[in-house]
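Computed over heavy atoms, backbone and side chain alike; hydrogens, waters and symmetry mates excluded.
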Number of protein chains: 2
Amino acid sequence: MKQISTRFSIAVHTLSLIAIIPNDCTGDFIAGSVNTNPVVIRRIMGMLKKAGLVDVRPGVGGASLLKAPNEITLLDVYRAVNVTEENQLFRIHEDSNINCLVGRNIERVLQEELRDAQSVMETRLAQTTLDQLISKFK
Amino acid sequence: MKQISTRFSIAVHTLSLIAIIPNDCTGDFIAGSVNTNPVVIRRIMGMLKKAGLVDVRPGVGGASLLKAPNEITLLDVYRAVNVTEENQLFRIHEDSNINCLVGRNIERVLQEELRDAQSVMETRLAQTTLDQLISKFK
DNA sequence: ACCGTTGTAACCATTATAGTTACTATTAAA
DNA sequence: TTTAATAGTAACTATAATGGTTACAACGGT
């Protein structure tokens with residue numbers, strides 16, 4: 001099965017670092033903590049920036065949070081890095097045969113159920129803040 | 001973002017057909033309703049069979065449910081077609097730098113949260129049966 | 001002006017997906 | 001016993017997302 005990209009977990013990692021070390025969090029430094037290529041970090045930082053979560057200083061380097069850690073939820077991060085216009089976790093096959101009872105109903109009926117399932121997952125993500133996460137580090 | 005495969009929705013479609021038309025549900029017939037290649041259906045049927053949800057009759061053709069429609073949940077189907085040993089919806093980056101406070105904690109802490117999020121989604125899937133789904137067709 | 005940094009473009013290898021062709025095995029019916 | 005329809009599967013393909021990489025321009029404090 002294709003899993004949800006590590007962009008998400010790397011983004012959470014990145015924001016945690018910025019929260020804990022407000023200054024000196026350059027892309028290279030974060031890459032060193034995540035253990036990946038700096039460009040991967042810069043790409044993700046760009047998404048976080050676009051989502052209004054961080055401010056990145058070009059030239060001088062470093063980043064800072066634009067919201068307090070207790071105001072940033074995992075859902076915010078999830079949304080920031082999952083680049084799709086519509087947030088559709090499940091993909092449903094299209095072009096079913098409308099001459100068939102199942103074919104002409106399955107998309108609509110399944111759509112409702114899966115949207116619900118996705119929704120409860122996102123609600124759960126929204127219940128955890130960056131703050132809570134960091135407080136569990138030891 | 002990479003979405004969850006249409007195998008899932010096609011599998012639900014397939015089971016709905018078998019439930020409604022207990023006889024004569026050959027792979028070609030189902031493929032005609034789903035509007036895809038018969039081999040795609042046969043592959044998915046193989047997974048449903050392996051999961052103990054259906055009985056497929058080789059030679060003569062056709063399939064039948066091994067459980068009542070009100071005993072088959074969306075979670076059962078989801079599990080049947082998402083071929084991975086561990087059910088990990090979210091992928092977390094590995095090899096973080098353990099010399100960093102965030103690096104050595106992020107995996108464990110995030111793991112807990114994401115497992116929870118996945119869990120509530122699956123619980124929601126488990127609340128819908130094939131029976132309920134079919135009753136919404138019109 | 002210099003140097004470290006950000007922002008991107010471009011490229012690549014890997015992987016999952018979904019469709020396709022082709023073939024064998026199975027089973028009922030002629 | 002032969003035939004026809006079907007299941008089961010292997011092999012191949014095209015497409016797309018991912019994540020890593022190199023390269024380079026733009027930026028900004030010292």
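- A side-chain contact (heavy atoms from CB on, under 4.5 Å) with A/Lys136 holds for exactly one of B/Asn105, B/Ile106, B/Val109; it is B/Val109.
- Rounded to whole Å, atom P of C/dA18 lies 13 Å from atom CZ of B/Phe8.
- Rounded to whole angstrom, the span from the CD1 atom of A/Ile92 across to the C1' atom of C/dA18 amounts to 17 Å.
- Formation of a donor-acceptor pair under 3.5 Å by the A/Arg124 side chain with backbone atoms of B/Ala117 is not found in this model.
- The distance from atom CG of A/Leu15 to atom CD1 of A/Ile10, rounded to the nearest 0.5 Å, is 12.0 Å.
- Relative orientation of the B/Tyr78 and B/Phe8 rings is perpendicular, given thresholds of 30° and 60° on the angle between their planes.
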### Message
Show, in sequence, the C-alpha distance, side-chain angles and deciding distance for A/Leu89 and B/Met121, and conclude whether the side-chain contact (heavy atoms from CB on, under 4.5 Å) test is met.
### Response
CA-CA 11 Å; A/Leu89 178 60; B/Met121 185 200 76; 3.8 Å; yes
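- The distance from atom CD1 of B/Ile10 to atom P of C/dA18 is 7 Å, rounded to the nearest whole Å.
- Within residues 12-31 of chain B, the residues approaching DNA chain D are B/Thr26, B/Gly27, by heavy-atom distance under 4.0 Å.
- Enclosure of atom CD1 in B/Ile20 by more than 12 non-hydrogen atoms of other residues, nucleotides or ligands within 6.0 angstrom is indicated.
- Using modelled atom types and a 3.5 Å distance limit, the side chains of B/Thr36 and A/His93 yield no donor-acceptor pair.
- If you measure from atom CD of A/Gln3 to atom P of C/dT14, you get 19 Å, rounded to the nearest angstrom.
- For the segment residues 35-61 of chain B, the set of residues with a heavy atom within less than 4.0 Å of an atom of DNA chain D comprises B/Val39, B/Arg42, B/Arg43, B/Lys49, B/Val56, B/Arg57, B/Pro58, B/Gly59, B/Val60, B/Gly61, in numerical order.
- B/Ser119 and B/Asp116 form no side-chain donor-acceptor contact under 3.5 Å, judged by distance and modelled atom types alone.
- Contact between the side-chain N/O atoms of A/Arg91 and the OP1/OP2 oxygens of C/dA18 is found at a separation under 4.0 Å.
- OP1 or OP2 of C/dA16 has not a single side-chain nitrogen or oxygen of B/Ser5 nearer than 4.0 Å.
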